[in-house]
> 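To start, I am sharing the structure in question, which I have written as structure tokens.
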Amino acid sequence: MPLSIAAWNVNSINARLPTALEVLKEIDADVVCLQELKCEDAKFPRSEIEDLGYNIETHGQKTYNGVAILSKHRIEDVTRGLPGMEDDPQSRWMEAVIAAPDAPFRVASLYAPNGNPVGTEKYDYKLRFMDALIAHAKARLALEEPYVIAGDYNIIPRDVDCHSVAAWADDALFLPESKNRYRALSHLGFTDAYMQVDGAPHVYTFWDYQAGAWNKNNGIRIDHLMCSPQAADRLDRVRIHRDARGKEKPSDHVPIIGVFR
DNA sequence: ATGTCGTGCTGCGCACGA
């Protein structure tokens, strides 16, 4: 029985709840990792999302950040906060085991730091967070489990993952130090699901609200599903739900969905 | 060069983050 796993930066679950419910119905994934909830756990719209058939675990925060894992299967072994970043007050990481019918599947919902402006504490924090993620991911690989780190990495991996290299050249999302963190995950043995099954250039998951970026297709690919070997071996296809960006009151990100055999 | 969102309070306009 296939298992579909989605990542979606919703940019406030409450500001666009009707649109978000519509998008969730359209993608109809078994597991959805949400980012940028921008609400505390008590303000998460539980009943509306439970009505779509989901179990819900959240790691919320007022105003900023916040991640969740939704699953049509039972959710087990939930952990909140990235190991190695115990003093970090920002809610950017949670993990759980999905009790899928065939075999358990571990998922993480990630909202990596943006890191701009470069040369400030924000950029240092981005790199420090990514280093902790790499160390944790390495430890997870030793378990030899199907495991997906799903979310907003705030890293543009390749030149062709943006519309214009010149526009992003000095941005925290594009600098070599950032790309090297993504590459370090690859070198450990993680596979970018999109790269495994497609990899076509100029396919994006984010379009800024500003300057008509959506109409000009001036986007970037920063939302990724990084798969352990045991997950990558089962990966069948990937879909980027581009239509979500054209809706009323859209998030600036669209969902990416991986289907695992 | 600018552009737009969402949040919350120093609160009905602003600062901040993206």
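Residue numbers start from 1 in every chain, and the chains themselves are labelled A, B, ... in the order their sequence lines are given, proteins ahead of strands. Atom set for the values below is all heavy atoms of this structure, side chains included, hydrogens, waters and symmetry mates excluded.
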> Within residues 206-226 of chain A, which residues have any heavy atom lying less than 4.0 Å from an atom of DNA chain B?
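Heavy-atom cutoff 4.0 Å gives Tyr209(A), Gln210(A), Ala211(A), Lys216(A).
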> For nucleotides 9-11 of chain B, print each protein N/O atom paired with a nucleotide N/O atom at under 3.5 Å, atom names and distance only.
from   : atom 1 : to       : atom 2 : distance (Å)
dC9(B) : OP1    : Lys62(A) : NZ     : 3.3

> Quick one: Lys126(A) NZ to dG17(B) P, roughly how many Å, whole number?
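One finds 15 Å between P of dG17(B) and NZ of Lys126(A), rounded.
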> Tell me the interatomic distance from Asn114(A), atom CG, to dC16(B), atom P, rounded to whole angstroms.
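Result: 16 Å.
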> In whole angstrom, what separates Asp252(A)'s CG from dT7(B)'s C1'?
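After rounding, the reported distance stands at 14 Å.
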> Taking side chain as C-beta onward, heavy atoms only, is Tyr123(A) less than 4.5 Å from Leu175(A)?
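The answer is yes, as the side chains (C-beta and beyond) meet within the 4.5 Å cut-off.
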> Without decimals, in angstroms, what is the distance between Asn9(A) CG and dC5(B) C1'?
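In whole Å, dC5(B) C1' and Asn9(A) CG are 12 Å from each other.
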> Pick the closest DNA chain B nucleotide for Ala15(A) and for Lys122(A) by heavy atoms, then say which residue is nearer the 5' end.
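Closest to the 5' end, via its nearest nucleotide, is Ala15(A).
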> Expressed as a whole number of angstroms, how long is the span from Arg16(A):CZ to dG6(B):C1'?
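Rounded to the whole Å, the gap is 8 Å.
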> Can you confirm whether Lys38(A) sits close enough to Ile13(A) that some side-chain heavy atom of one is under 4.5 Å from a side-chain heavy atom of the other?
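Side-chain contact under 4.5 Å: no.
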> Compile the donor-acceptor pairs under 3.5 Å between side chains in residues 230-238 of chain A and protein atoms, sequence neighbours left out, one pair per line.
from      : atom 1 : to        : atom 2 : distance (Å)
Arg234(A) : NE     : Arg261(A) : O      : 2.6
Arg234(A) : NH2    : Arg261(A) : O      : 3.0
Asp236(A) : OD1    : Arg261(A) : NH2    : 3.2

> With sequence neighbours excluded, give me every salt bridge (charged side-chain N to carboxylate O under 4.0 Å, His left out) pair touching residues 65-79 of chain A.
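Only Asp28(A)-Lys72(A), Arg74(A)-Glu76(A) qualify under salt bridge (charged side-chain N to carboxylate O under 4.0 Å, His left out).
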> OP1 or OP2 of dG6(B) versus the side-chain N and O atoms of Thr63(A): is any pair under 4.0 Å?
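False: Thr63(A) side-chain N/O out of range (4.0 Å or more) of dG6(B) OP1/OP2.
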> Quote, to the nearest angstrom, the C1' distance that separates dA15(B) from dT10(B).
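10 Å, rounded to whole Å.
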> In whole angstroms, how far is the C1' atom of dG17(B) from the CG atom of Asn116(A)?
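That distance rounds to 11 Å.
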> By the salt bridge (charged side-chain N to carboxylate O under 4.0 Å, His left out) test, which pairs, at least two apart or in different chains, include something from residues 143-155 of chain A?
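Qualifying pairs: Arg106(A)-Glu145(A).
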> Would you say Phe206(A) and Ile156(A) make side-chain contact, with heavy atoms under 4.5 Å?
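With C-beta onward as the side chain, the pair stays apart.
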> For the pair made of CG in Asn65(A) and P in dT7(B), what is the distance, rounded to whole Å?
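Value for this atom pair: 13 Å.
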> Run the side chain to side chain contact (heavy atoms under 4.5 Å, CB included) test against Thr120(A) and tell me which residues pass, sequence neighbours left out.
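Listed in chain order: Pro117(A), Lys122(A).
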> Expressed as a whole number of angstroms, how long is the span from Gln35(A):CD to dG6(B):C1'?
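From Gln35(A) CD to dG6(B) C1': 17 Å.
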> Distance between the P atoms of dT7(B) and dT2(B), in whole angstroms?
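Each nucleotide's P atom is 25 Å from the other's.
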> Please say yes or no: joined through hydrophobic side-chain contacts below 4.5 Å, possibly via intermediate residues, are Ile256(A) and Leu24(A) part of one cluster?
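No, because Ile256(A) and Leu24(A) fall into different hydrophobic clusters, even though each may have its own neighbours under 4.5 Å.
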> With a 6.0 Å cut-off on the ring centroids, do Phe105(A) and His73(A) count as close?
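That pair fails the under 6.0 Å test.
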> Measuring only the C1' atom in each nucleotide, how far is dG11(B) from dG6(B)? A whole number of Å is fine.
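Pairwise C1' distance, dG11(B) against dG6(B), rounds to 16 Å.
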> Check whether any side-chain heavy atom of Lys126(A) sits under 4.5 Å from a side-chain heavy atom of Leu173(A), and report yes or no.
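Contact flag for Lys126(A)/Leu173(A) side chains = yes.
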> Mind checking Arg92(A) for me? I need base, sugar-phosphate or nothing, with any heavy atom below 4.0 Å counting as a touch.
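Sugar-phosphate contact only - Arg92(A) comes under 4.0 Å of backbone atoms but never of a base.
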> Pick the closest DNA chain B nucleotide for Lys249(A) and for Pro113(A) by heavy atoms, then say which residue is nearer the 5' end.
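The answer here is Lys249(A).
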> dC14(B) and dG3(B): how far apart are their P atoms, nearest whole angstrom?
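Taking atom P in both dC14(B) and dG3(B), they lie 15 Å apart.
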